[in-house]
Engineer: 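Here it is: the structure, laid out below.
What you see is a predicted model, and the numbers here were worked out from it, not measured in a lab.
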Amino acid sequence: MTRNIFDENVDRFGTNSFKWEMTKELFGEDDLLPMWVADMDFRAPAAVTEAFQKRLDHGVYGYTFASDETYRVMQQWMQKRHQWPIEKSWITLSPSVVSAMSTVIRAYTKPGDKVMLQSPVYAPFFEMIEKNDRVVVNSPLRLNMKGQYEIDFECFENRLKEGVKLFLLCSPHNPGGRVWTKEELLKIGELCLRYNCLIFADEIHSDLVLEPFKHIPIASLEGLEKIVITCISPSKTFNLAGLNVSSVIIQEETLRNQFNEVQRKQGFFSVGTFGLIGVEAAYRHGEAWLEELLKYIKENVNITKKYIEENLPNVKLIEPQGTYLLWFDCRNLGLSDIELKNRLLNKGKLALEPGAKYGPGGEGFVRMNIACPREILKEGLKRFKKALQTN
């Protein structure tokens, strides 16, 4: 049998890997298996490495700029993968989605303004609002009878009535793995239009959607182009987070000018040489690699689901529709968050993200990154069982 390229166990020690080499410092224990932060343990597409090597061989690494071809491959990618025809003029480069989020908050709101999110959600959503002296307004998601997160639109509208200026949308959702439907996105847009609220759409996981689900860029929906600022990146898709590059797509010219002005005030003018090379190579040559990755992740989900059902019946997997991040509901174990953490670290020797980090509604949950070789996944699941089994 041919070995899958994603089965290779790549030794990441000695590369200053945040995931592998900072685990003891962050979690305080030795011998932990890190399945926490959201980067993959897979090599990037070979075409990306080859493009880097070609540039390395040149030997001169002076100032560079994004060429027309760089923008063209981004446009082609969005058209093919998401059926969204975007124009070059709409695209602004940024170091990361989080830095773009901070810039958006600064560009369109002022200190003391209300910015809304939906917990549980990626922790920097809270952090960027608070560090920029804005007020967090929460419209919590709720788990439905099918075990999936849904939007409480009555609560959502009531929060908007409080004078919210900006809504931070996580699409697909991290950590819950929901891929929002067209109907849900249209309802979000309708309410934000009604109450004069802008939308920042973090769509960093948009390429990592599992069949049969389909990601829809909210800005592609009719009537919403004037209020949405979208941010994408190849970082999650192709495991290029260390390149520090993202793309901010803003259709409305006034909004785009405001964003660009604030970004310039922060001293940012371009991403680095290898960020540009990585974007172009990944979007031009990485699609076949991505299709194989999605199959591998889907099977990792299936393996995990079966293992949990057979070995940890009191733990519930919130089955993902997208991302490579699994969200486990451990509340039926009757453990506090501290007890849960201590069991994982001391008994299971497993580093996972604590649910409380994601805000109200995350208590009693943990997040696991399964973008890793099967060998690591199976070891992680054994440790998870060891940590949480009652006998």
Engineer: For K214 and Q83, what are the C-alpha separation, side-chain angles and deciding distance, and is it a side chain to side chain donor-acceptor pair (under 3.5 Å)?
Structural biologist: CA-CA 11 Å; K214 175 68 177 173; Q83 294 73 57; 2.8 Å; yes

Engineer: Checking K54 against H58 for the side chain to side chain contact (heavy atoms under 4.5 Å, CB included) test, could you report, in this order, the C-alpha distance in whole Å, the side-chain angles of both residues, the deciding distance, and whether it holds?
Structural biologist: CA-CA 7 Å; K54 181 178 179 180; H58 182 266; over 6 Å; no

Engineer: Mark yes when over 12 heavy atoms from residues, nucleotides or ligands other than K265 sit less than 6.0 Å from its NZ; otherwise mark no.
Structural biologist: no

Engineer: What heavy-atom pair brings V135 and G112 nearest, and what distance separates the two atoms?
Structural biologist: CG2-O, 3.6 Å

Engineer: What pairs with D11 under side-chain hydrogen bond (donor to acceptor under 3.5 Å, both in side chains), at least two apart in sequence or on another chain?
Structural biologist: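 D11 satisfies side-chain hydrogen bond (donor to acceptor under 3.5 Å, both in side chains) with no residue once adjacent residues are dropped.
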
Engineer: Given the side-chain rings of Y296 and F42, with only the six-membered ring counted for Trp, is the space between their centroids under 6.0 Å?
Structural biologist: yes

Engineer: Which residues pass the side-chain contact (heavy atoms from CB on, under 4.5 Å) test with P45, sequence neighbours left out?
Structural biologist: V48, F238, W289

Engineer: Using only atom types and a distance under 3.5 Å, with no angle test, would you say the side chain of S119 pairs donor to acceptor with the backbone of P360?
Structural biologist: yes

Engineer: Please examine the side chains of I5 and R43, heavy atoms only from C-beta on, and report whether any two atoms are closer than 4.5 Å.
Structural biologist: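 SC-SC contact between R43 and I5 ruled out.
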
Engineer: Using side-chain heavy atoms (C-beta onward) and a distance below 4.5 Å, is N332 in contact with K316?
Structural biologist: no

Engineer: For the atom pair CD (E203) and NE2 (H215), what is the distance rounded to the nearest 0.5 Å?
Structural biologist: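 The distance works out to 3.5 Å.
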
Engineer: For E319, is there an ion pair with K305 - N to carboxylate O distance below 4.0 angstrom?
Structural biologist: yes

Engineer: List for me each residue that meets side-chain hydrogen bond (donor to acceptor under 3.5 Å, both in side chains) alongside K131, sequence neighbours excluded, and say none if there are none.
Structural biologist: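 For K131, no residue satisfies side-chain hydrogen bond (donor to acceptor under 3.5 Å, both in side chains) once neighbours in sequence are set aside.
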
Engineer: Checking E69 now: which residues fulfil side-chain contact (heavy atoms from CB on, under 4.5 Å) with it, not counting sequence neighbours?
Structural biologist: S67, R72, V73, E280, R284

Engineer: When you compare the side chain of K114 with that of K165, does any pair of heavy atoms fall below 4.5 Å?
Structural biologist: no

Engineer: How far apart are the closest heavy atoms of V315 and L333, and which atoms are they?
Structural biologist: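 It is CG2-CD1, 3.9 Å.
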
Engineer: Could you work out, with side-chain hydrogen bond (donor to acceptor under 3.5 Å, both in side chains) as the rule, every residue matching K24, not counting sequence neighbours?
Structural biologist: D30

Engineer: Under a single-linkage definition using a 4.5 Å side-chain heavy-atom cutoff for Ile, Leu, Val, Met, Phe, Trp and Tyr, are M116 and V121 assigned to the same hydrophobic cluster?
Structural biologist: yes

Engineer: Under 6.0 Å from the CZ atom of F65, do we count more than 12 heavy atoms belonging to anything else shown?
Structural biologist: no

Engineer: Closer than 3.5 angstrom, by distance alone: can the side chain of W180 be matched with the main-chain N or O of C170 as a donor-acceptor pair?
Structural biologist: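 Checking the backbone N and O of C170 against the side chain of W180, a donor-acceptor pair under 3.5 Å is found.
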
Engineer: When rounded to the nearest 0.5 angstrom, what distance separates CD1 in I318 from CZ in F365?
Structural biologist: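 Atom-to-atom, I318:CD1 and F365:CZ are 5.5 Å apart.
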
Engineer: Which ILVMFWY residues are connected to V60, directly or by a chain of links, through side-chain heavy atoms under 4.5 Å apart?
Structural biologist: none

Engineer: Rounded at 0.5 Å granularity, tell me how far CZ in R343 sits from CD1 in I338.
Structural biologist: 14.0 Å

Engineer: Is there a side chain to side chain contact (heavy atoms under 4.5 Å, CB included) between F200 and Y108 once you walk through the steps?
Structural biologist: CA-CA 10 Å; F200 173 77; Y108 308 123; over 6 Å; no

Engineer: Do you know the tightest heavy-atom contact between V136 and I129?
Structural biologist: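 Of all heavy-atom pairs spanning V136 and I129, the closest is CG2-CG2, 3.5 Å.
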
Engineer: Let me see the working for R134 and T109 under side chain to side chain donor-acceptor pair (under 3.5 Å), right down to the final yes or no.
Structural biologist: CA-CA 8 Å; R134 275 61 169 176; T109 68; 2.8 Å; yes

Engineer: Listed by chain and number, what are the side-chain contact (heavy atoms from CB on, under 4.5 Å) partners of Y195, not counting sequence neighbours?
Structural biologist: E157, L160, K161, L191

Engineer: Can you list the residues that meet the side-chain contact (heavy atoms from CB on, under 4.5 Å) rule with S220, with sequence neighbours excluded?
Structural biologist: W84, I216, P217

Engineer: Group every Ile, Leu, Val, Met, Phe, Trp and Tyr by side-chain heavy-atom contacts under 4.5 Å, then state whether L344 and W327 land in the same group.
Structural biologist: no

Engineer: Is L350 reachable from L317 through a run of hydrophobic residues whose side-chain heavy atoms are each under 4.5 Å from the next?
Structural biologist: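 As far as the 4.5 Å side-chain criterion goes, L350 and L317 are connected within one cluster.
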
Engineer: Report whether I376 and M22 are members of the same hydrophobic cluster (ILVMFWY, side-chain heavy atoms less than 4.5 Å apart, transitive linking).
Structural biologist: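 In one cluster: no.
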
Engineer: Residues two or more places apart in sequence or in another chain: which of them pass ring pair (Phe, Tyr, Trp, His ring centres under 6.0 Å) with F52?
Structural biologist: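 Ring pair (Phe, Tyr, Trp, His ring centres under 6.0 Å) list for F52, sorted by chain: F274.
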
Engineer: Show every side-chain hydrogen bond (donor to acceptor under 3.5 Å, both in side chains) that has at least one partner inside residues 306-315, sequence neighbours left out.
Structural biologist: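 Only K306-E310, N311-K385 qualify under side-chain hydrogen bond (donor to acceptor under 3.5 Å, both in side chains).
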
Engineer: Run T92 and Q263 through side chain to side chain donor-acceptor pair (under 3.5 Å) and show every step you take.
Structural biologist: CA-CA 10 Å; T92 295; Q263 190 160 247; 5.6 Å; no

Engineer: Do the non-hydrogen side-chain atoms of V248 and L93 ever get within less than 4.5 Å of each other?
Structural biologist: no

Engineer: Say you draw a straight line from CE of M78 to CD1 of I86; how long is it, rounded to the nearest 0.5 Å?
Structural biologist: 5.5 Å

Engineer: If you count heavy atoms of other groups shown closer than 6.0 angstrom to CG of N302, is the number above 12?
Structural biologist: yes

Engineer: Rounded to the nearest 0.5 Å, what's the gap from CD on E261 to CZ on R256? Could you check?
Structural biologist: 14.5 Å

Engineer: Listed by chain and number, what are the side-chain hydrogen bond (donor to acceptor under 3.5 Å, both in side chains) partners of R178, not counting sequence neighbours?
Structural biologist: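 Testing R178 for side-chain hydrogen bond (donor to acceptor under 3.5 Å, both in side chains), a comparison that skips the adjacent residues, returns E184, Q321.
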
Engineer: Supply the atom-to-atom distance E25 CD to F18 CZ, rounded to the nearest 0.5 angstrom.
Structural biologist: 8.5 Å

Engineer: Evaluate F167 against V137 for side chain to side chain contact (heavy atoms under 4.5 Å, CB included), listing each step before the verdict.
Structural biologist: CA-CA 9 Å; F167 166 53; V137 173; over 6 Å; no

Engineer: Do the rings of F27 and W36 sit parallel, tilted or perpendicular, given the 30° and 60° boundaries?
Structural biologist: perpendicular

Engineer: Side-chain heavy atoms under 4.5 angstrom apart, residues restricted to Ile, Leu, Val, Met, Phe, Trp, Tyr: same cluster for I249 and V262?
Structural biologist: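 Looking at the clustering, V262 is in a separate group from I249.
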
Engineer: Return each pair, listed once, that meets side-chain hydrogen bond (donor to acceptor under 3.5 Å, both in side chains) where at least one residue sits in residues 365-381; pairs must be two or more places apart or across chains.
Structural biologist: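 Listed by first then second residue: N174-R367, N300-R374, Y358-R367, E379-R383.
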
Engineer: Is the closest side-chain heavy-atom distance between V104 and L166 below 4.5 Å?
Structural biologist: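 The answer is yes, as the side chains (C-beta and beyond) meet within the 4.5 Å cut-off.
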
Engineer: Donor-acceptor check, side chain of H173 to backbone of P120, threshold 3.5 angstrom: yes or no?
Structural biologist: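 Checked: pair present.
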
Engineer: Side-chain contact, heavy-atom cut-off 4.5 Å: F156 with K187?
Structural biologist: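 Of all side-chain heavy-atom pairs linking K187 with F156, none is under 4.5 Å.
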
Engineer: Is any side-chain heavy atom of D39 closer than 4.5 Å to a side-chain heavy atom of N239?
Structural biologist: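 Yes; the side chains approach each other to less than 4.5 Å.
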
Engineer: Is L290 close to R81 at the side-chain level, that is, under 4.5 Å between some pair of heavy atoms?
Structural biologist: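 They are in contact (side-chain heavy atoms under 4.5 Å apart), so the answer is yes.
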
Engineer: Between C231 and M101, does a side chain to side chain contact (heavy atoms under 4.5 Å, CB included) hold up when you go through it step by step?
Structural biologist: CA-CA 8 Å; C231 197; M101 184 192 309; over 6 Å; no

Engineer: Taking atom NZ of K298 as the centre, report whether more than 12 heavy atoms of other residues, nucleotides or ligands fall under 6.0 Å from it.
Structural biologist: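 For K298, atom NZ is crowded (more than 12 foreign heavy atoms under 6.0 Å).
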
Engineer: Look at the side chain of E252 and the backbone N and O of L255, then say whether any donor-acceptor pair between them is shorter than 3.5 Å.
Structural biologist: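 Confirmed, E252 side chain pairs with L255 backbone.
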
